[in-house]
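Before any comments, here is the structure.
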2 protein chains.
Amino acid sequence: MKKSQKKLSASLEALKKAEQICDSNGLKLTKLRKQVLNLIWKKSGYVKAYDLLDELKKVDPSAKPPTIYRTLDFLMENGLIHKIQSLNAFIGCPHPDEHNECYFLICDRCQMIEECCSKKISNVVSSTSKNSNFIPSKVTFEIAGTCQNCLN
Amino acid sequence: MKKSQKKLSASLEALKKAEQICDSNGLKLTKLRKQVLNLIWKKSGYVKAYDLLDELKKVDPSAKPPTIYRTLDFLMENGLIHKIQSLNAFIGCPHPDEHNECYFLICDRCQMIEECCSKKISNVVSSTSKNSNFIPSKVTFEIAGTCQNCLN
DNA sequence: AATATAAATGTTATATTATAACATATATGT
DNA sequence: ACATATATGTTATAATATAACATTTATATT
Ligand SMILES: [Zn+2]
Ligand SMILES: [Zn+2]
Ligand SMILES: [Zn+2]
Ligand SMILES: [Zn+2]
């Protein structure tokens with residue numbers, strides 16, 4: 001299977017999951033929201049809000065910053081995408097249905113981001129928080145570096 | 001010892017370490033850089049770039065955005081402060097001389113940030129990166145939540 | 001000391017990222 | 001049909017950050 005095909009099916013899979021999640025939670029995946037989610041998945045790596053806005057304008061010339069940011073907020077709130085804080089960028093979540101504490105491997109060279117979940121991470125968060133009597137609510141864990149592909 | 005005193009000594013300690021580090025590395029802790037580092041430590045929690053600029057303007061009316069961002073860059077490059085990516089904010093590093101991979105406990109209520117280092121974190125980063133054949137270079141690990149003080 | 005070079009700071013302008021506030025349209029429940 | 005809530009449209013502006021170039025200050029070389 002070629003990379004582009006793999007990518008395509010991941011994208012279709014994500015869209016399908018998004019529909020399911022919205023259906024079963026009484027959320028409306030409107031045309032706009034679907035368009036934006038599609039645009040996010042069309043990009044091979046991460047995507048910036050204003051690049052997304054430019055893309056959206058091609059099919060909806062009336063789109064403006066609040067259009068995109070409100071839609072991104074909806075998608076984030078419902079776990080369909082993530083914001084990468086160290087880049088001010090966004091990326092589709094490949095497993096919005098089974099969300100554990102995740103972290104991101106961010107390639108400096110090719111803009112690919114791999115989302116990973118590891119029990120180790122949540123263990124570390126719990127234990128270290130406990131040491132400081134801190135009640136964690138939101139974890140940001142981003143690792144920048146060089147991916148497997150770009151090493152060759 | 002009162003909290004304000006503890007804070008004061010942490011600040012003085014940090015400034016002293018900064019001088020040492022710059023001395024022994026051929027870096028110049030200029031008047032401007034010292035002023036900004038002082039302003040950062042004067043705040044009890046994290047500080048935003050433009051708030052810092054406003055403070056700096058009180059003693060140096062000619063200060064402008066590049067003044068503050070360039071100084072922040074210098075301080076970051078040399079490990080004297082950290083940027084909190086999830087807040088676009090900055091905080092002094094309490095141990096710029098012995099820098100391991102660190103993470104931050106960020107209180108949503110009082111803006112206090114505790115910087116912690118744990119061998120566990122670096123272990124998790126290494127092992128999970130290895131799993132993905134990823135070479136990590138920069139780690140962002142920020143945990144938002146509620147601190148011990150604010151729970152009472 | 002005079003000169004060249006590099007590093008730091010000053011200055012103007014602008015790019016990038018994000019939200020407030022209010023108007024209109026669309027969907028949903030009674 | 002009406003009331004209410006949700007979503008979108010629209011204008012304006014806030015907040016964050018950098019590019020580009022000028023000037024000053026420190027450092028090294030002659
Ligand atoms: Zn996810
Ligand atoms: Zn790569
Ligand atoms: Zn530190
Ligand atoms: Zn607190």
Side-chain angles (χ1 to χ4, degrees), chain A residues 18-19 21-23 25-40 43 46-78 80-91 111 140 142, chain B residues 18-19 21-23 25-40 43 46-78 80-91 111 140 142:
Chain A
E19 305 242 27
I21 287 167
C22 290
D23 269 5
N25 290 76
L27 303 166
K28 278 171 285 188
L29 193 61
T30 61
K31 184 184 165 196
L32 174 63
R33 289 163 178 173
K34 210 180 294 188
Q35 280 174 324
V36 172
L37 189 55
N38 253 305
L39 288 173
I40 291 171
K43 289 275 172 178
Y46 61 75
V47 54
K48 309 281 284 180
Y50 275 75
D51 290 344
L52 215 42
L53 178 54
D54 289 340
E55 289 302 311
L56 184 58
K57 275 179 174 166
K58 290 179 185 171
V59 295
D60 178 0
S62 79
K64 293 182 184 56
T67 315
I68 216 72
Y69 279 103
R70 277 196 292 230
T71 306
L72 290 171
D73 283 346
F74 171 87
L75 297 172
M76 278 191 287
E77 276 161 18
N78 297 295
L80 304 176
I81 64 170
H82 297 290
K83 178 170 187 181
I84 304 299
Q85 301 289 353
S86 55
L87 294 171
N88 296 322
F90 302 86
I91 187 134
Q111 314 197 313
T140 299
E142 302 171 2
Chain B
E19 305 242 28
I21 287 168
C22 289
D23 268 7
N25 290 77
L27 303 166
K28 276 171 286 188
L29 193 61
T30 61
K31 184 185 166 195
L32 174 63
R33 289 164 178 172
K34 210 180 294 189
Q35 280 174 325
V36 171
L37 189 54
N38 254 305
L39 288 173
I40 292 171
K43 290 274 173 179
Y46 60 76
V47 54
K48 309 281 284 182
Y50 275 74
D51 291 345
L52 216 41
L53 178 54
D54 289 341
E55 289 302 310
L56 183 58
K57 275 179 174 166
K58 290 179 184 170
V59 295
D60 177 0
S62 79
K64 294 182 183 56
T67 315
I68 216 72
Y69 280 103
R70 277 197 293 230
T71 305
L72 290 171
D73 283 345
F74 171 87
L75 296 172
M76 278 191 286
E77 275 161 17
N78 298 296
L80 304 176
I81 64 170
H82 297 289
K83 178 170 188 181
I84 304 299
Q85 301 289 352
S86 55
L87 295 171
N88 295 323
F90 302 85
I91 186 133
Q111 314 197 313
T140 300
E142 302 171 1

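We name chains A, B, ... by the order of the sequence lines, and we start the count at 1 in each one.
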Kindly say whether L87(A) contributes a backbone atom to a donor-acceptor pair with the side chain of K48(A) at under 3.5 angstrom?
yes

Nearest whole Å is fine: how far is [N] [atom2] from [X] [atom1]?
X: Q85(A); N: dT16(D); atom1: CD; atom2: P; result: 13 Å
X: R33(B); N: dG10(C); atom1: CZ; atom2: P; result: 11 Å
X: I68(B); N: dT18(D); atom1: CD1; atom2: P; result: 14 Å
X: M76(A); N: dT19(C); atom1: CE; atom2: C1'; result: 13 Å
X: N88(B); N: dT19(C); atom1: CG; atom2: C1'; result: 14 Å
X: L75(B); N: dT9(C); atom1: CG; atom2: P; result: 10 Å
X: L72(B); N: dT9(C); atom1: CG; atom2: C1'; result: 15 Å
X: L27(B); N: dA26(D); atom1: CG; atom2: C1'; result: 15 Å

Considering residues at least two apart in sequence or located in another chain, which fulfil the side-chain hydrogen bond (donor to acceptor under 3.5 Å, both in side chains) criterion with [X]?
X: Q35(B); value: none
X: Q85(B); value: none
X: Q111(A); value: Y46(A)

Between L32(B) and D73(A), whichever has its closest DNA chain C nucleotide further toward 5' is L32(B)

Check: residues 26-33 of chain B side-chain donor-acceptor pairs under 3.5 Å, at least two apart:
unit_1, atom_1, unit_2, atom_2, d
T30(B), OG1, R33(B), N, 3.4
R33(B), NH1, K28(B), O, 2.7

Residue pair N88(A), K83(A): steps toward the side chain to side chain contact (heavy atoms under 4.5 Å, CB included) verdict:
CA-CA 7 Å; N88(A) 296 322; K83(A) 178 170 187 181; 4.0 Å; yes

Assign K83(B) to base, sugar-phosphate, or nothing according to its heavy-atom contacts below 4.0 angstrom with the strands shown.
sugar-phosphate

Determine to 10° how strongly the helix from dA1(C)-dT30(D) to dT30(C)-dA1(D) is bent, judged from the axes of its five-pair ends.
30°

Within the structure, does a side-chain N or O atom of T30(A) lie under 4.0 Å from either OP1 or OP2 of dT8(D)?
yes

Is the shortest side-chain N/O distance from Y69(A) to OP1 or OP2 of dA18(C) below 4.0 Å?
yes

By side-chain contact (heavy atoms from CB on, under 4.5 Å) - contacts of N38(B) (at least two apart)
L15(B), K34(B)

Could I get the full list of side-chain contact (heavy atoms from CB on, under 4.5 Å) partners for D73(A), not counting sequence neighbours?
M76(A), E77(A)

Can you give me the closest heavy-atom contact between I21(A) and L80(A), atom names plus distance?
CD1-CD2, 4.1 Å

Scan residues 46-66 of chain B against DNA chain C and write down, sorted by residue number, each residue with any heavy atom closer than 4.0 Å; if none is found, say none.
S62(B), K64(B), P66(B)

In B/S/- notation (B base, S sugar-phosphate only, - none; protein heavy atoms under 4.0 Å), nucleotides 23-30 of chain C written 5' to 3' is -----S--

Between side-chain atoms of residues 57-68 of chain B and protein atoms elsewhere (two or more places apart, or another chain), which donor-acceptor pairs fall under 3.5 Å?
unit_1, atom_1, unit_2, atom_2, d
K58(B), NZ, E55(B), OE2, 3.2
D60(B), OD1, S62(B), N, 3.2
D60(B), OD1, S62(B), OG, 2.9
K64(B), NZ, S62(B), O, 2.8
T67(B), OG1, K64(B), N, 2.9
T67(B), OG1, K64(B), O, 3.0

Derivation of the side chain to side chain contact (heavy atoms under 4.5 Å, CB included) call for I81(A) and V36(A):
CA-CA 11 Å; I81(A) 64 170; V36(A) 172; over 6 Å; no

Would you check if T71(B) and L56(B) make a side-chain contact, meaning some heavy-atom pair closer than 4.5 Å?
no

